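The structure under discussion appears below in the form of structure tokens.
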Amino acid sequence: MITLLYFARYREALGQEKEQLELDSPCSLQELLDRLRERGEPWASTLNDNKLLMAINQTIAPAEQLINDGDEVAFFPPVTGG
Amino acid sequence: MITLLYFARYREALGQEKEQLELDSPCSLQELLDRLRERGEPWASTLNDNKLLMAINQTIAPAEQLINDGDEVAFFPPVTGG
Amino acid sequence: MDKLQLSIQTDDFNIEDEYQYLRQGNSDSGAVVTFLGQVRDFNQGEAVSQLELEHYPGMTESVLKKLLEEADKRWAIDRAKIIHRVGPLNASDKIVWVAVASAHRGDAFHACEFLIDALKTQAPFWKKERSATGERWLDARDSDQDKAQQWMKND
Amino acid sequence: MDKLQLSIQTDDFNIEDEYQYLRQGNSDSGAVVTFLGQVRDFNQGEAVSQLELEHYPGMTESVLKKLLEEADKRWAIDRAKIIHRVGPLNASDKIVWVAVASAHRGDAFHACEFLIDALKTQAPFWKKERSATGERWLDARDSDQDKAQQWMKND
């Protein structure tokens with residue numbers, strides 16, 4: 001089981017900030033992202049953003065990084081704080 | 001008549017912060033400085049400081065600048081504020 | 001007292017109090033440089049304008065902690081603190097405060113500017129503007145990315 | 001309210017109050033950078049230490065005014081203020097505060113650093129340290145001259 005978090009415009013577009021997902025086998029962030037997009041709208045267009053950032057366990061991670069069971073995975077747009 | 005002002009360590013060494021002086025004719029800061037040094041101690045050694053700064057009417061001025069009647073002339077060491 | 005401090009909070013803060021806290025037991029620092037970011041009046045002429053600050057609790061703190069530690073490695077710092085507000089904010093409200101105390105003012109300036117530049121591109125905060133005409137998420141600015149890149153070149 | 005302000009004073013000041021004053025009617029500025037110089041504990045281990053700040057009234061104000069005007073020419077500034085204290089000061093007391101508000105944080109950082117660097121080499125203030133072992137006038141530091149020179153090269 002992994003936890004998915006969505007922030008800012010993604011959270012609003014998807015209508016949720018958090019969900020839990022069962023992972024059959026270890027997969028990469030890219031594979032997870034593809035799987036989510038295959039759900040259709042609003043996933044397909046919301047997560048089809050070349051500026052999308054991903055984090056595993058609160059650290060920014062590249063698309064090829066593997067997700068392990070129990071991980072917290074977050075999707076968010078470029079940050080605009082400060 | 002011109003007004004002379006001394007600041008910081010010069011003021012303390014000379015035992016005065018201000019004096020007035022009659023100028024016979026227009027003279028440069030360098031000439032005024034030489035005249036003051038000729039008074040002997042504590043003038044001679046106090047004003048014999050290669051870091052000494054001079055101002056005419058509250059603006060830093062070079063040694064060759066001429067002093068006019070009514071001017072305010074100040075002598076002080078390098079500044080250490082802030 | 002911790003040398004490096006951070007706070008994510010909804011409440012406003014008093015800069016004089018924060019300054020007193022920074023120098024408490026710290027009379028070695030001759031210089032304190034601070035950056036304050038405040039809400040700009042982005043809807044001049046419109047009656048209502050508000051900013052909503054969202055963040056990623058946990059990751060925010062861990063990113064800011066790493067940035068403070070990096071600043072501490074690169075410059076001579078006696079104390080540093082970052083305060084960042086979240087939640088709804090109004091025009092002219094304080095958003096972020098970065099303060100660095102050092103014996104050397106050059107170090108204080110550099111560390112403070114590094115921290116705000118890095119915060120703006122690395123810390124997971126997002127701003128949404130609300131006005132009478134609607135609301136929109138702010139876009140990240142390329143100029144912020146450029147500023148952050150500069151600090152890496154200087155390594 | 002004047003865009004460029006300065007104050008030479010014996011009394012302490014409250015940074016939060018000064019900040020409120022800086023941003024009053026000024027919601028354009030997203031960034032406020034400040035430098036604070038405070039009395040260092042120059043006599044660690046000794047019971048008494050005090051600083052005496054002397055200045056040249058009139059010239060001080062005119063030099064600082066010119067520096068503020070120069071900063072205003074070189075960078076995009078919405079508000080700037082310099083406060084410098086004179087008279088007797090104790091360890092950890094505030095000495096000088098330089099604040100610059102701008103729409104651009106880079107400008108605020110540069111203008112603030114320029115102002116304190118130029119103030120340190122051009123404004124007629126002199127510091128005397130007093131402690132249990134006596135008193136002495138501080139010497140100007142070459143490093144301050146070097147910093148001030150940098151700003152001229154950048155012209």
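Values below: all heavy atoms of this structure, side chains included; hydrogens, waters and symmetry mates excluded. Just so it is clear, the structure is predicted and the values come from calculations on it, not from any experiment. Per chain, numbering begins at 1; letters A, B, ... match sequence-line order.
Taking both residues in full, the closest heavy atoms of D/A140 and B/V79 are given as CB-O, 3.8 Å, listed atom of the first, atom of the second, then distance.
Contacts of B/L53 with chain D are absent, with no heavy-atom separation under 4.5 Å from either backbone or side chain. Residue D/S62 touches chain B through its side chain alone, counting heavy-atom pairs closer than 4.5 Å. Looking at D/E135, the atoms closer than 4.5 Å to chain B (heavy atoms on both sides) all sit in the side chain, from C-beta outward. Contacts of D/D144 with chain B are absent, with no heavy-atom separation under 4.5 Å from either backbone or side chain. For D/Q122, the part lying under 4.5 angstrom from a heavy atom of chain B is the backbone only.
Put simply, the side chain of D/D139 does not reach to within 4.5 Å of the side chain of B/K51, judged on heavy atoms. B/Q58 is not listed as a side-chain neighbour of D/V63, based on a closest heavy-atom distance of 4.5 Å or more.
Residue B/E17 holds its CD atom at 8.0 Å from CD of D/E54, rounded to the nearest 0.5 Å. Taking NZ from D/K120 and OG1 from B/T80, the interatomic distance works out to 9.0 Å, rounded to the nearest 0.5 Å. Taken from OG1 in B/T59 to NZ in D/K66, the straight-line distance is 4.0 Å, to the nearest 0.5 Å.
Ring geometry for B/F7 versus D/W126: interplanar angle under 30°, hence parallel rather than tilted (30 to 60°).
Of the possible polar contacts, none joining the D/K128 side chain to the B/R9 backbone as a donor-acceptor pair under 3.5 Å is found.
Atom CG of D/D142 is surrounded by 12 or fewer heavy atoms from other residues, nucleotides or ligands within 6.0 Å.
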